[in-house]
2 protein chains.
Amino acid sequence: MGMKNKPYLTHSTAPERHCSVSTLSKVEGLTPKQEKVLNFIRKRIGERLPPTIREIAGELGFKSTGTVRDYLKALQQKGLVRRMNNKSRALELTERASCNKIPIIGTIMAGKPNLAYEEIQGYVDVDNLFLGRLGFDDVFALRIKGDSMIDAGILDGDVAIIKKQPYAENNDIVAALLNDNEVTLKRLARKGNKYHLEAANPNYPPIFEEFKIIGKLMTVIRKY
Amino acid sequence: MGMKNKPYLTHSTAPERHCSVSTLSKVEGLTPKQEKVLNFIRKRIGERLPPTIREIAGELGFKSTGTVRDYLKALQQKGLVRRMNNKSRALELTERASCNKIPIIGTIMAGKPNLAYEEIQGYVDVDNLFLGRLGFDDVFALRIKGDSMIDAGILDGDVAIIKKQPYAENNDIVAALLNDNEVTLKRLARKGNKYHLEAANPNYPPIFEEFKIIGKLMTVIRKY
DNA sequence: TGACAAACCACACATTTGTGTGGTATATCT
DNA sequence: AGATATACCACACAAATGTGTGGTTTGTCA
C-alpha cells in the first residue's frame, strides 16, 4: 500500500542513491514502466538492500510476482540488471545501469533550454574512483600541507589517498615517515642504488635522511 | 566450502568494501571471532548484497545457523549491526561499524611491525566526497585534455566533477561551452563588466569569444 | 489478418531463509 | 561452587522468496 519512498531500513545511514537518469529510457530503449522498475531497484540497492520480487510488486502496485519477473527478464535482456538464481534479493545493476556513476562528457550539445550529452566517454564510478580494487583496509588519506609537490599538481589542502605498502618503485609518489614521525608526500628517487625523497618544487631540497615508506599515492582529490 | 574471498556476484562491479579496522576489536570490545563475522558482513554489504545467516555460517565455517544468530545478537547489543525481523539479508551496519570512510591521518606512529594512526583528523566519506549534498543528476564529469590549467594544479587526464549551473562568479573555474560545441575548463575572469575565460597557463591566451557557462568546478580527481 | 511485444494476473510448488528450542564445552569472575 | 559470557551444535518449523505454467488484454508492425 502507500509506502512510496519510505526508506526500507528505518535507521538507514545509507545515502540516498536513487537517481533517475532521465535520458536512460531513450538511450537504452526502456519503456517508462521498465524505467520505473529499474529506478526502484536502483533506489533500494542504494539503500544497501536490494528488493525481493514481491517488494518490487508491492512498490509498483503489481499483484503478481510473475509481472515483476517479466520486467526483470526484460531488464536482463537489455543488459541493465544481473541476477542469480534461487537467491533472495540477488539483483545487481550492470555498469550501464548503475547509478553510482557520473558520466564523463566529451562534447556537449547546447539544446535550447537544456544540455544534451553528445558524447559520453565513460563513467566515473563514485565508489571505485578512490580505491580501484582496493579495500578500505588498504588505504588511508593524507591532507596535503604546503606546496612541496606543487609541480606535480598536488596543492595545499588536497586529499591524497594512499595505498599502504612498505615499498614502492623509483619515481612513485610515496607517503614516507621521517624520523620525527612526520608523514610527508614526496617522489621516490634513486641515486646510484640508494633511494631518497624529492619534492616537486625547486624551492625544496631533496631529503636524504632516513625514511620509511608507508604507502604509495593512488589518488588525489581536491574540492573547490 | 572453501569459497573464501570469492565474490558473491560473479560479474560484480561493486567495489570491495571489506575493511577490517584492525583496532576496532579493542575500541569496540569485540572478540576476534566477532570481528571476523563483522568483517564478512562488511565485505558483503560492500558488494551490495548482505549475507544470509547461512551464508555467514558457510563463510566462517559454522555448522549451525544458531551460532550465527548468537554472533548477530552480540553485534547488535554492541551497537554495530541493525537487523529487521523476518527479512532476508536485512543486515545493516551502524555508523560506528560502517566502513565507508577513510581516515585522514595527521601524524603516524611507527610501531615496530605496523603503523598506528596517531592523529585522525577526520574521515573521507567515499560516498559524499564528490557530491557533497548534490545529487547524481546535478553533476557530470569532464576528463581534462591538455595542460591549459596546469598552474591551477589541474593536469592532463584529471577528472573534473562539474556542478551543472548556467552562471558562476568571477574567478570560479567553470566548464564552458564554446561556439564549436567544445567544452573547456577555464577560469572565469572579468574585465570591466564583461566576462571572459582565462587559462591557468601563460602559454594560453585568454578567450574572448562567445561562450556559455554550463557548470562550475567542484572537485578534481587524479588517479595514479 | 497474424505475429509479436508489453503489460498484466492467478496459483501451485520448491527452495531459501529466519526463528525457536534445547543442547555441550570452555573459560572467567565472584 | 555458581553465575556469566563465549563459542559452538542439531533439528524442526514457519515465513519469505524464487520459479514455473498458463492465462488475458492491448497495441504495433508487417
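These numbers were taken from a predicted model, which means no experiment stands behind them. Lettering of chains follows the sequences in order, A, B, ..., and the numbering in each one begins at 1.
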In whole angstroms, how far is the [atom2] atom of [N] from the [atom1] atom of [X]?
X	N	atom1	atom2	answer
Met84(A)	dT17(D)	CE	C1'	15 Å
Asn86(B)	dA15(D)	CG	C1'	6 Å
Ile53(B)	dC9(D)	CD1	P	14 Å
Arg89(A)	dT15(C)	CZ	C1'	16 Å
Ile56(B)	dC8(D)	CD1	C1'	16 Å
Leu38(B)	dA7(D)	CG	P	13 Å
Lys36(A)	dA6(C)	NZ	C1'	15 Å
Lys33(A)	dC8(C)	NZ	C1'	8 Å

Once rounded to the nearest 0.5 Å, what's the spacing between atom OG of Ser148(B) and atom CD1 of Ile207(B)?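 Reported to 0.5 Å precision, the distance equals 7.5 Å.
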Can you find a side-chain donor-acceptor pair between [X] and [Y] that sits under 3.5 Å?
X	Y	answer
Lys33(A)	Thr31(A)	no
Arg222(B)	Tyr224(B)	yes
Ser88(A)	Arg89(B)	yes

Please list, chain by chain and in numerical order, all residues satisfying ring-ring contact (aromatic ring centres under 6.0 Å, His included) with Tyr195(A), sequence neighbours excluded.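 Testing Tyr195(A) for ring-ring contact (aromatic ring centres under 6.0 Å, His included), a comparison that skips the adjacent residues, returns none.
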Among residues 60-73 of chain A, which contact DNA chain D at a heavy-atom distance under 4.0 Å?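 Those residues are Thr65(A), Arg69(A).
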Please determine whether a side-chain nitrogen or oxygen atom of [X] lies at a distance below 4.0 Å from atom OP1 or OP2 of [N].
X	N	result
Arg83(A)	dT19(D)	yes
Ser88(A)	dT17(C)	yes
Asn85(B)	dT19(C)	yes
Gln34(A)	dA7(C)	yes

Which atom of Val81(B) lies closest to which atom of Arg83(B), heavy atoms considered: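 Looking at all heavy atoms of both residues, the shortest contact is CG1-CG, 4.1 Å.
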Which residue in the set Val220(B), Leu217(B), Thr219(B) passes side-chain contact (heavy atoms from CB on, under 4.5 Å) when paired with Ile161(B)?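 Answer after filtering Val220(B), Leu217(B), Thr219(B): Thr219(B).
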